[in-house]
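Below is one structure, written out as structure tokens, with a few remarks after it.
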Amino acid sequence: AGMQQVVGDSLPKYNAQIDLENFNLGKMLQQEEQIGYISLSASAIGEGLELDVMNADITADVKSLELMGYEYRDAKVNGTIADQAFLGEITMDDDAIAFTFKGKAGLDIDHPEHNFNLDITYLDLQELNLYDQELKFAGNIAGNFTGNDLRSMNGHIAVTGATVAARDQLLTLDSIELLATSIEGKYDWKLRSPVVDANYRGTASATVGIPMLVNHFNYYFNRQAYREADTLGSQQFDFDVSIHDNMDVLPFFVSGLNE
């Protein structure tokens with residue numbers, strides 16, 4: 001590792017090169033159960049060490065990274081970190097995951113902004129130890145939204161040309177779209193897909209309102225799953241779903257439905 005730092009201005013300037021070979025990243029981060037060793041070569045040229053003032057060009061060649069019991073290989077990063085966001089390209093060509101990310105990924109914890117295109121050539125969730133059954137995916141994901149989770153999402157996500165493989169079956173989905181407006185006290189979601197259309201409007205996020213609604217119905221239809229402490233309280237929401245399974249794909253997601 002090497003670093004040249006220019007001092008004199010209000011923000012430190014640097015030209016850094018880092019080379020790691022089988023470095024125990026998990027031990028350094030005190031997360032050895034999830035993270036293992038890493039090998040990479042990376043460089044950063046810019047100014048500012050804190051994220052809110054950082055403006056730097058970065059490149060990285062990640063030869064290997066152990067994560068959740070799987071060793072990822074051959075990832076490349078080329079872009080800029082500025083205005084609390086990454087703008088550039090990330091690629092990976094691994095046996096279990098291959099993709100190209102182009103665009104903007106927000107790094108601001110409070111108000112991240114994202115605008116990207118993610119082309120997934122191949123993704124094997126079981127091989128990556130992210131799912132306990134066979135589940136593979138390929139397709140394109142385009143996102144233009146703000147927010148750091150589904151509860152605070154504002155914007156649009158579209159999945160096109162998707163192919164899903166599970167239980168020795170192959171499914172092709174033309175398009176899935178989610179349009180979300182999330183403002184404190186007002187939440188509006190619209191989901192469109194070849195299988196189901198759904199609309200949600202309420203005073204609570206759909207991630208809160210829909211589970212509450214399911215639990216409310218469990219009181220009448222599935223007492224074993226009902227949680228007595230649950231209450232709809234003062235929350236108000238409308239939720240409607242239209243199933244139009246023209247492609248006969250529901251049995252793909254719900255095992256035994258066609259029996």
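All values reported here derive from a predicted model rather than from experimental measurement.
Neither I45 nor L51 shares a network with the other; the hydrophobic side chains, linked directly or stepwise wherever heavy atoms of I, L, V, M, F, W or Y lie under 4.5 Å apart, form separate groups for each. Using a 4.5 Å cut-off between side-chain heavy atoms of Ile, Leu, Val, Met, Phe, Trp and Tyr, with links allowed through other members, L87 and I90 fall into different hydrophobic clusters. In this structure, M54 is a member of the same hydrophobic cluster as V77, with clusters built from ILVMFWY side-chain heavy atoms closer than 4.5 Å.
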Would you check, one step at a time, whether the test side-chain contact (heavy atoms from CB on, under 4.5 Å) holds for L67 with E71? CA-CA 6 Å; L67 189 63; E71 186 176 14; over 6 Å; no
Step-by-step side-chain contact (heavy atoms from CB on, under 4.5 Å) determination, L171 to T163: CA-CA 6 Å; L171 173 67; T163 301; over 6 Å; no
Hey, mind stepping through K76 and D61 against salt bridge (Lys or Arg N to Asp or Glu O under 4.0 Å) and telling me if it holds? CA-CA 5 Å; K76 298 183 185 301; D61 183 357; 3.4 Å; yes
How far apart are the C-alpha atoms of S43 and T59, what are their side-chain angles, what is the distance that settles it, and do they pass the side chain to side chain donor-acceptor pair (under 3.5 Å) test? CA-CA 5 Å; S43 66; T59 60; 2.7 Å; yes
Would M28 and I35 count as a side-chain contact (heavy atoms from CB on, under 4.5 Å) here? Give the steps. CA-CA 10 Å; M28 185 190 76; I35 305 173; over 6 Å; no
Verify salt bridge (Lys or Arg N to Asp or Glu O under 4.0 Å) between R201 and D240, making sure each step is shown before the conclusion. CA-CA 9 Å; R201 294 169 298 278; D240 59 82; 3.5 Å; yes
Does D188 form a side-chain contact (heavy atoms from CB on, under 4.5 Å) with K186? I'd like the steps, not just the answer. CA-CA 7 Å; D188 190 339; K186 181 181 178 182; 5.6 Å; no
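For F101 and F116, the ring centers are positioned less than 6.0 Å apart.
When all heavy atoms are compared, the tightest approach of P12 to L49 is CG-CG, 4.0 Å. When all heavy atoms of G147 and H114 are compared, the pair lying nearest together is O-NE2, 3.3 Å. Of all the heavy atoms in F145 and G155, the pair that sits closest is CB-CA, 3.7 Å. Closest approach of D95 and Y122 over heavy atoms only: O-CE2, 3.2 Å. Summarising the geometry of Q17 relative to S41, their closest heavy-atom pair is NE2-CB, 4.3 Å, with the distance given to 0.1 Å. The two atoms that bring N129 and Y70 nearest to each other are ND2-N, 3.9 Å, heavy atoms only.
Among residues two or more places apart in sequence or in another chain, the ring pair (Phe, Tyr, Trp, His ring centres under 6.0 Å) test is passed with F86 by none.
Annotation: side chain of L173 is not in contact with side chain of V159 (no heavy-atom distance under 4.5 Å). Between I58 and I81, some side-chain heavy-atom pair lies under the 4.5 Å cut-off. W189 places none of its side-chain heavy atoms less than 4.5 Å from the side chain of L179. At a threshold of 4.5 Å between non-hydrogen side-chain atoms, the residues D197 and N199 do not count as touching. No side-chain heavy atom of E177 sits less than 4.5 Å from a side-chain heavy atom of T160. In this structure, the side chains of L20 and S39 stay at 4.5 Å or more apart for every pair of heavy atoms.
Side-chain contact check for T181 and N154: no donor-acceptor pair (N or O, by modelled atom type) lies under 3.5 Å. T80 and D57 are linked by a side-chain donor-acceptor pair at a separation below 3.5 angstrom, with hydrogens and angles left out of the test.
In this structure, OH in Y37 is found 12.5 Å from CD in E21, a value given to the nearest 0.5 Å. Atoms NZ and CG, on K63 and D19 in that order, are 7.0 Å from each other to the nearest 0.5 Å. Distance CG/D119 to CZ/F99: 11.0 Å, rounded to 0.5 Å. Distance CG/L130 to CE/M68: 6.5 Å, rounded to 0.5 Å. With values rounded to the nearest 0.5 angstrom, D93 atom CG is found 8.0 Å from T121 atom OG1. One finds the CD atom of E32 at 11.0 Å from the CD atom of E66 (value rounded to the nearest 0.5 Å).
A donor-acceptor contact shorter than 3.5 Å links the side chain of R192 to the backbone of A198. Side-chain atoms of E127 never come within 3.5 Å of backbone atoms of A96 as a donor-acceptor pair (strictly under, hydrogens ignored).
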N/O donor to acceptor pairs below 3.5 angstrom from side-chain atoms of residues 134-144, sequence neighbours left out:
residue: E134; atom: OE1; partner: R167; partner atom: N; Å: 3.2
residue: E134; atom: OE1; partner: D168; partner atom: N; Å: 3.4
residue: N140; atom: ND2; partner: N117; partner atom: OD1; Å: 3.2

For residues 104-111, dump all side-chain donor-acceptor pairs below 3.5 Å to protein atoms at least two apart in sequence or in another chain.
residue: K104; atom: NZ; partner: E113; partner atom: OE1; Å: 3.3
residue: D108; atom: OD1; partner: D110; partner atom: N; Å: 3.1

